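I have placed the structure first, in the form of structure tokens, so that the comments after it can refer back to it.
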Amino acid sequence: MSKPRIIVIGGGAAGLMAAGQAAENGADTLLLEKQKKTGQKLGITGKGRCNLTNTAQISDFIAHFGKTGPFMRQAFARFFSTDLAEFFEKQGLKLVTERGGRVFPASGRAADVLSVFMQWLKQCSVTIKRDSPVDKLLINNKRVCGVISRGRAFTCDAVILATGGASYPATGSTGDGYRLARSAGHSLVPVRPALVPLETKGDIAQKMAGLNLRNIRVRMYINRKKRTRAFGELVFTEFGVSGPVILTLSGEAVDALGSGHGIVLSIDLKPALDEKKLDMRILRDFQTRGKEPFKSFLRGLLPREMVPVCMDLTGISPERMVSSISAVERRGLRTWLKDFRLEVTGHRPLAEAIVTAGGIDTREIDPRTMESRICRGLYIAGELLDIQADTGGYNLQAAFSTGHLAGRCAASESRRRKPENTLATDSRR
Ligand SMILES: Cc1cc2nc3c(=O)[nH]c(=O)nc-3n(C[C@H](O)[C@H](O)[C@H](O)COP(=O)(O)OP(=O)(O)OC[C@H]3O[C@@H](n4cnc5c(N)ncnc54)[C@H](O)[C@@H]3O)c2cc1C
């Protein structure tokens, strides 16, 4: 019996993994990549270091996917972070685990992750055609039988669609897969940015642009009601706020903004001290440093860029001697340190989001195989699906796990169905 032919569309994290798996499972595999290079987004992940997975246990891991988590259970059961680590180490790539269970290549180079895939795909004899955007799926009687790229038809037994989301379009993820999947009858959960920086009112953030705050806590209020909290690192930017804490809160913020709700961020600059302890510390410092002007006193409490902002917002003049500051003013300072507020006016566009929320409705995909329930022989993997997670390596693991499952199942199912498939005949590759 001849080998089944599989076409993988998209050479990102999901597509590279899917192609290698399909080939290892006996398929004649062709990977069509739109860009001149494969894995461009993979190359910029984790600020060029590639946070490829996380060591969290499976239930915790799934919790990072929110409502989209249960769909991922079967893909993770078959290929999880430990399997991924084993895969890379077998290919000679050493890994390291950092704070928060985040796993990186020990070399600190995302390019090394890509090299592993290139070497592996070569060993498995996957044919890669770059600069080959797929424009159309060929579908016959609710079954995919090929694709068209640059006017040329390629026939096959199964197609794995792994074209990614629609963020960072310069990397090739321009949302083509949404149109292709819709042409096969799939529906789309509205696409929107996730893990995206937020814009804030006025020029407060702008005045501190570039300042990075570590170990702070942010509470998000939606329509004045206290909602999610996050702890960690925040960065002020020209337009508002970014950094891991903000990215974590951003998914909920984007949805709330979309529904016209008001959002306020309350930043606790001293989360290790409760109000009473902080008050005592300020009081003690006031007593020992009474002869200093307020502005120099603040330097012991805050980074330099925050000092003018604090003086502005607490209304205490910079030249005032600390000894002249009243108890009411001191309490005002304490409150500001525990509850520095920024009003959110918007979010940055989808093009600047780390991940695309929404995508192909997972109810239309079999989670045991990643095959479409609507179009036979069509498999969908990666960020194109309506799956999205927090930062920490979860999104790449999702792309690798769904790609792995799609590749393996597409190969084995195509082999099983081969006699009944009469369309897999000529291809001009
Ligand atoms: C700046 C940044 C940093 C990130 N850092 C991390 C991190 O450290 N850890 C983490 O877990 N996640 C991270 N992510 C998210 C992660 O990169 C994505 O979730 C993941 O790459 C999705 O993989 P994918 O294969 O589904 O899609 P992609 O990686 O987007 O790959 C899709 C591929 O399909 C190709 N393609 C598109 N249309 C067509 C077409 N019509 N024909 C042929 N090919 C096509 C594209 O050119 C692209 O190569 C980061 C994202 C960004 C933007």
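Bear in mind the structure is a predicted one, so any value in this text is a computation, not a measurement. Index from 1, following the sequence. For the numbers below, each heavy atom of this structure counts, side chains included, while hydrogens, waters and symmetry mates do not. First listed ligand is number 1; within each ligand, the first listed atom is number 1.
A salt bridge is defined here as a Lys NZ or Arg NE, NH1 or NH2 lying under 4.0 Å from an Asp or Glu carboxylate O, and Lys94 with Glu89 fails to meet this definition. Ion pairing between Asp157 and Arg415 fails under the 4.0 Å rule for side-chain N and carboxylate O. Looking at Asp274 and Lys338, no side-chain N of the basic residue comes within less than 4.0 Å of a carboxylate O on the acidic one, giving no salt bridge. Under a 4.0 Å N-O distance rule, the pair Lys90/Glu86 does not qualify as a salt bridge. Between Glu199 and Arg348 there is a salt bridge, since at least one side-chain N of the basic residue sits less than 4.0 Å from a carboxylate O of the acidic one.
Heavy-atom separations between Ile9 and ligand 1 include at least one value shorter than 4.0 Å. Residue Thr171 places a heavy atom less than 4.0 Å from ligand 1. Under a 4.0 angstrom heavy-atom cut-off, Gln40 registers as lying outside contact with ligand 1.
Below 3.5 Å of separation, one finds no N or O of Ser167 facing any N or O of ligand 1. Polar contact check, Cys50 against ligand 1: no nitrogen or oxygen pair lies under 3.5 Å apart. Considering both main-chain and side-chain atoms, Leu396 comes within under 3.5 Å of ligand 1 through a nitrogen or oxygen pair. Of the N or O atoms in Gln35, none lie within a sub-3.5 Å distance of an N or O in ligand 1. By the 3.5 Å distance cut-off applied to N or O atoms, Gly39 is not counted among the residues near ligand 1. Ligand 1 has a nitrogen or oxygen under 3.5 angstrom from a nitrogen or oxygen of Ser173. Between Ala14 and ligand 1, at least one N/O pair is under 3.5 Å apart. On a distance-only criterion, Val134 and ligand 1 share at least one N/O pair closer than 3.5 Å.
Distance from atom 48 (C) of ligand 1 to its nearest protein heavy atom, with residue and atom name: Glu33 OE1, 3.6 Å.
Counting heavy atoms under 4.0 Å from ligand 1, residue Asp176 touches it through the side chain alone. Residue contacts with ligand 1 for Lys41 involve side-chain atoms from C-beta outward but no N, CA, C or O (heavy atoms, distance under 4.0 Å). Contact annotation: for Ala399 versus ligand 1, heavy atoms closer than 4.0 Å belong to the side chain alone. At a heavy-atom distance under 4.0 Å, only backbone atoms of Leu32 (N, CA, C or O) approach ligand 1. Of the heavy atoms in Ser149, none comes closer than 4.0 Å to ligand 1.
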Under 3.5 Å, sequence neighbours excluded: what are the donor-acceptor pairs made by side chains of residues 206-216?
residue : atom : partner : partner atom : Å
Gln206  : NE2  : Glu238  : OE1          : 3.4
Asn212  : ND2  : Glu233  : OE2          : 3.2

Please tabulate, one pair per line, all N/O donor-acceptor pairs under 3.5 Å involving side-chain atoms of residues 113-121, not counting sequence neighbours.
residue : atom : partner : partner atom : Å
Ser115  : OG   : Ala111  : O            : 3.0
Trp120  : NE1  : Glu24   : OE2          : 3.0

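Compare Gly172, Gly175, Gly10 by their heavy atoms: the one nearest to atom 37 (C) of ligand 1 is in Gly172. In the candidate list Ile354, Asn395, Leu385, Leu384, Ile354 is nearest to atom 2 (C) of ligand 1, counting heavy atoms.
Aromatic ring centres of Phe80 and Phe400: separated by at least 6.0 Å. Aromatic rings of Tyr394 and Phe61 (six-membered ring for Trp) have centroids within the 6.0 Å cut-off, being under it.
Side chain of Lys41 to main chain of Ser167: a donor-acceptor pair is present (N/O by atom type, distance under 3.5 Å, no hydrogens or angles).
Each of the atoms 25 (O), 29 (O), 31 (O), 33 (C), 49 (O) of ligand 1 lies under 4.0 Å from some heavy atom of Gly12.
Atom CZ of Arg78 has more than 12 heavy atoms from other residues, nucleotides or ligands within 6.0 Å.
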Show the numbers, then the answer: is there a salt bridge (charged side-chain N to carboxylate O under 4.0 Å, His left out) between Lys270 and Asp268? CA-CA 6 Å; Lys270 303 285 170 193; Asp268 183 349; over 6 Å; no
